[in-house]
Every structure is written in C-alpha cells, then in structure tokens.
Asker: 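Pasting a structure below so you can have a look.
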Protein chains: 2
Amino acid sequence: MDDRLERSVGVELSLVTVDLVIFTIREDALVVLLVERGAEPYMGRSALPGGRVRTNETLAEGARRELWEETAIDGTRLHLEQLGAYGDPGRDPRGRVVTIAYLALGPDLPAPVGGTDAAHAYWAPVAALLGEPGKLAFDHARILEDALERIRGTLEDTTVATVFCPDVFTLSDLRGVYEAVWGRALDPSNFRRKITKAEGFVEPTGEQRPQATGRPAALYRKGSAKRLSPPFLRSAS
Amino acid sequence: MDDRLERSVGVELSLVTVDLVIFTIREDALVVLLVERGAEPYMGRSALPGGRVRTNETLAEGARRELWEETAIDGTRLHLEQLGAYGDPGRDPRGRVVTIAYLALGPDLPAPVGGTDAAHAYWAPVAALLGEPGKLAFDHARILEDALERIRGTLEDTTVATVFCPDVFTLSDLRGVYEAVWGRALDPSNFRRKITKAEGFVEPTGEQRPQATGRPAALYRKGSAKRLSPPFLRSAS
DNA sequence: CGCTTTAAGGTCAACTAGACCATAACTATC
DNA sequence: GATAGTTATGGTCTAGTTGACCTTAAAGCG
C-alpha cells in the first residue's frame, strides 16, 4: 500500500484489520494469547493475533474468523467485546493500517495449536509482559494495557468473570478469577457473601467437588444476570 | 468505491471515517449536534457530523479537524473520547465504510454556524430523537444510543460532568447536568453532600452568584480529580 | 485421634445513600 | 414593610453495604 495507490483513486483508503486480546486464566494467572510473527515487519517478534477484515463480514465476524484461523479456537463459546480502534499513522511501517481491537475471554482453552497462519501461538502471563516494554510488535503493548484496564473495570460491574470458568465451578474458582485479574487477594468470606447475595450471578447446582485438601466445595453454574449492582469495587486496600 | 478497485490492487481496502457525537446541555436538556446532509445517500436526512480520516493524522486528530470543518467548534476545550468502531458491511450503501465514533462533550456552545461542509447544523434534544426511529441516516441512531449509554455510565465514576459547565458554576448547574443526562431528578441536598465530600471534584471560588429567584448560590470551579470513588450510582429509584 | 487445610457462615464497626426536615437568604407581591 | 415563594445549604435518621475478623464444618493425613 503506497501513495500511488491513493492518488490513483483520488480517495484515501486504509487497510482495516482486527486484533485480538484473548485472555484466560491458567494456573491462577491471567494469560494472553500471542503469536510469533512469521513475516516482516517485526518478524520473530510476538504480537496479538489478528488479520484483515473482509468486505463482506462485520468487524465482530472478522474477529471470530481470525480467532479460528490463527489459533484454531472456536469462538462461539467465548465472550467477545470490542475494545476500540487504533489508527495512529505510524503504528504500522507498511502504511496506514487501522485496527479494531477485540477483547476475547474464555475458560482455560486447549493449548493453541497454531492454526493455519501463525507459526507459533502461546499463552503469555500478562503480569510478566507488562515489565517487558518492546517485547510486542506494533502498538500491541498499548492495546494490551488498555485491554487489561478494560477487563479489570468490567469485572466490577458485570458478571463476565464466569466466562473464565468451566460450566460448573466453585466460588474459590471464581474468586481466583478476580484475584488473577485484579492482582490482589480477596477475603474468601466477604467474596462469598457478595457473590451469593447478588441475584443471578451464580446458581447452586447442589453438587459438591472434593478438593485436593480441605472441605469439599459446593458447585455453581453461571446465572442469568449480566450486570452486577451494586458493583463489586476493587478498593485501594 | 466499487469492487473493481479492490480487485485491481489485490487487497481489500476500506474507507475510514470519523463520526462525532457532540453532547452539550441547553435549557436543562441534553442535546446532540446534527447536520442535515446535502448529498446522497440520505440527502436531506439528519446525521452525525463526520468525515474521512486523512492518512497523516491520528483518529483523534481527524475527529477534531472534522469538528472544526463541519461545525466551526474549537475542539481544544472539549472532552474527546473514542466511543468505538462501526463497520457492518451494509451500514453505508456506497460500500465498505468503517467509522470510528467519537464522543465530544462541552459547555453550552455557540450556535453552530454550519461550517464549510454541512448546509445546516443544529442542536437536537436527545430524548426526542430516541422516539423517532429512522430519523437519522446510516446507523447513527445506534451510535447515538451507545453514546448516551456511555456518557450515562461515565458520569457515575468520573468527574467529566464539569466539562458541560462553564469555568465557574453552581452546584445546581452541575446537578442539572446529571439530571439532564440521567433523565431523572436528584435530591439537591444529597447531591451536594456527595459532590463536596468527593475530594478534587469541585473547588469553591468564594464567590456567589445571585439567582433569578431564591438564595444566591456559591460558585465553584472544576477540581483536579478525574475519577470519582466511590462512584455516584444512578439507582433504580 | 489430633493436625492441617479449605469451605462456609456469623459478628461488629465504619461508612454510605436515600428520605426527609429545618434554616438561610434572596425576590416578588400585597 | 410584612409575607409568601423559591432556591441554597445544612442536618438527622435509618437501612444497607463493606471490610476485618472470628467460629465452625468437613474433608485428608500422620
């Protein structure tokens, strides 16, 4: 894409892509899916999965398609939400590329097999990534930061935390989601009170799950409520 | 922009535009700036102001430029925030157009003179617009709905409400902002307590302003705090 | 059995929000 | 000039929520 193209048609056109910030919880840590780039620019560097949007699909459809093509993850079970558009002129050395970033959340997913496109796909702990500036290609570090702040805030006033859990889960599992995303420990007792009193957040199944150690925990499944009110604020302490 | 163009270059390109949802308060009502379209498609219909993004500017810069070109409003004093990207294939009959919507908030602005582009620009009360489906061109009704929900939520946990007010204002003025955006009355006494106890939301100037009727009100200016914690929730009542 | 571990439930004080009341300070009007 | 109307400002009271912390329950393990 060079300037001659634009002049030839008399209209300024842009390449539009989608980039995916796919979060899940693995071993009590928030991780994000990265791919190792197999082509210039930034060959060999890590990047968020993504690709071009086709003209006959919606932005969200493009996100789900790229999710499948690059990581072989079936996105129908994932929570997908638009994060925003990133279009600074210098963000891609090849020229003007506007990308629409999507946030995808899901339960502990099968190890990415590296779909058709990307050579390698792998889960990277988010906490460690933030301490490595320059590790990610393009402006993906910025997108990742925005995504982290978005999900941290979203946990406060919605029930999306359950999408990180399997179909049935314990309240400790759910608490682990909050602790991994917010990066701090929560009081188990107060957490239980907040969640169980919030109507429609979780529903008891009546079953129990034996633990490796300690008293067995009751199992729950996600409820029908989408919003959490009053919100569950991550306080300063 | 037709299919021949795309085939000729072998890459799927899109037209990228910015659209602006400019909110302000006029006569105790939340109003949005609309322009009457002077060209096809949707000629004569109302639409959000907006236009093409140039390849050498950021998306936010493009938003400020269009703001100036279409409405002659100086955007440097306005709060500008990205709302999201809208890119459904059928949203523009001319072909694939991806638009990045921006939310702009400001104090009661000079009557729009209809800048260089649009024939007519005018303030439309948002409440009335929501009851008129099909009044707006493209998918602008959807964008407007999203913008309204965004600003309603933003008032809950930030101090942006002050950008709707002039440099100095009374607490009644500020309460009027919340009432206009949320569409419901607030208790003056409880509102005062909430705002004045929140550190950095407003700062007293020591001055007073005589009212048309009733006791004079103390004047304030905006404080330095950006976030409001704990948030000011719009409750069900 | 006694110890450890996690789950689950309760208590208590501090804080917050909503409803409501009272007073202050001004204007308009009789 | 007294009085009513109107808005600003401040206070009270109660219900609900939260954070800190304690107690008991139910499992495994030596």
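So that the names make sense, note that chain A is the first sequence line, chain B the second, and so on, each numbered from 1.
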Asker: Just to verify, what does A/R209 make a salt bridge (charged side-chain N to carboxylate O under 4.0 Å, His left out) with, not counting sequence neighbours?
Answerer: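 A/R209 satisfies salt bridge (charged side-chain N to carboxylate O under 4.0 Å, His left out) with A/D173 once adjacent residues are dropped.
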
Asker: In residues 190-205 of chain B, what residues come within less than 4.0 Å of DNA chain C, judged by heavy atoms?
Answerer: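 Residues of residues 190-205 of chain B that come under 4.0 Å of DNA chain C are, in numerical order, B/N190, B/R193, B/K194.
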
Asker: Taking only residues two or more places apart in sequence or in another chain, which ones pass ring pair (Phe, Tyr, Trp, His ring centres under 6.0 Å) with B/Y102?
Answerer: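 Listed in chain order: nothing, the list is empty.
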
Asker: Can you list everything that forms a side chain to side chain donor-acceptor pair (under 3.5 Å) with A/T154? Sequence neighbours excluded, please.
Answerer: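 A/T154 satisfies side chain to side chain donor-acceptor pair (under 3.5 Å) with no other residue.
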
Asker: Sorted by first residue and then second, give each ring-ring contact (aromatic ring centres under 6.0 Å, His included) pair with at least one member in residues 193-212 of chain B; sequence neighbours left out.
Answerer: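 Listed once each, the pairs would be none.
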
Asker: A/E145: what forms a side chain to side chain donor-acceptor pair (under 3.5 Å) with it, not counting sequence neighbours?
Answerer: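 With sequence neighbours excluded, A/E145 shows a side chain to side chain donor-acceptor pair (under 3.5 Å) to no residue whatsoever.
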
Asker: For A/R175, which residues count as a salt bridge (charged side-chain N to carboxylate O under 4.0 Å, His left out) partner, sequence neighbours excluded?
Answerer: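 Partners of A/R175 by the salt bridge (charged side-chain N to carboxylate O under 4.0 Å, His left out) criterion, ordered by chain and then number, come out as A/E179.
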
Asker: At a heavy-atom distance below 4.0 Å, what parts of residues 208-218 of chain A sit against DNA chain C?
Answerer: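 Close to the strand are A/Q211, A/T213, A/G214, A/R215, A/P216, A/A217, A/A218.
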
Asker: For residues 218-230 of chain A, run the donor-acceptor check on the side chains, cut-off 3.5 Å, and write out each pair with its distance to 0.1 Å, sequence neighbours left out.
Answerer:
| from | atom 1 | to | atom 2 | distance (Å) |
| --- | --- | --- | --- | --- |
| A/R227 | NH2 | A/D157 | OD2 | 3.4 |

Asker: Give, for atom CH2 of A/W182 and atom CG of A/L30, the distance between the pair rounded to the nearest 0.5 Å.
Answerer: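 Spacing of CH2 (A/W182) from CG (A/L30) equals 13.5 Å.
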
Asker: Please state whether the base of D/dG19 and the side chain of A/S235 form at least one donor-acceptor pair under 3.5 Å?
Answerer: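 No, no donor-acceptor pair under 3.5 Å.
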
Asker: What salt bridge (Lys or Arg N to Asp or Glu O under 4.0 Å) pairs are there with at least one residue in residues 121-142 of chain B, not counting sequence neighbours?
Answerer: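 The answer is B/R91-B/D139, B/R142-B/D146.
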
Asker: Which residues pass the side chain to side chain donor-acceptor pair (under 3.5 Å) test with B/R150, not counting sequence neighbours?
Answerer: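 Only B/E81 meet the side chain to side chain donor-acceptor pair (under 3.5 Å) criterion with B/R150.
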
Asker: Please give, in whole Å, the distance from C/dC20 P to B/L186 CG?
Answerer: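 Taking atom P of C/dC20 as the reference, CG of B/L186 is at 15 Å.
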
Asker: Tell me the interatomic distance from B/D28, atom CG, to D/dT7, atom P, rounded to whole angstroms.
Answerer: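 Distance check: B/D28 CG to D/dT7 P gives 11 Å.
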
Asker: C/dT16 P sits how many Å from B/L233 CG, rounded?
Answerer: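 Taking atom P of C/dT16 as the reference, CG of B/L233 is at 13 Å.
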
Asker: Which residues within residues 160-180 of chain A lie with some heavy atom under 4.0 Å of an atom in DNA chain C?
Answerer: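 Result for residues 160-180 of chain A: A/S172, A/R175, sorted by number.
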
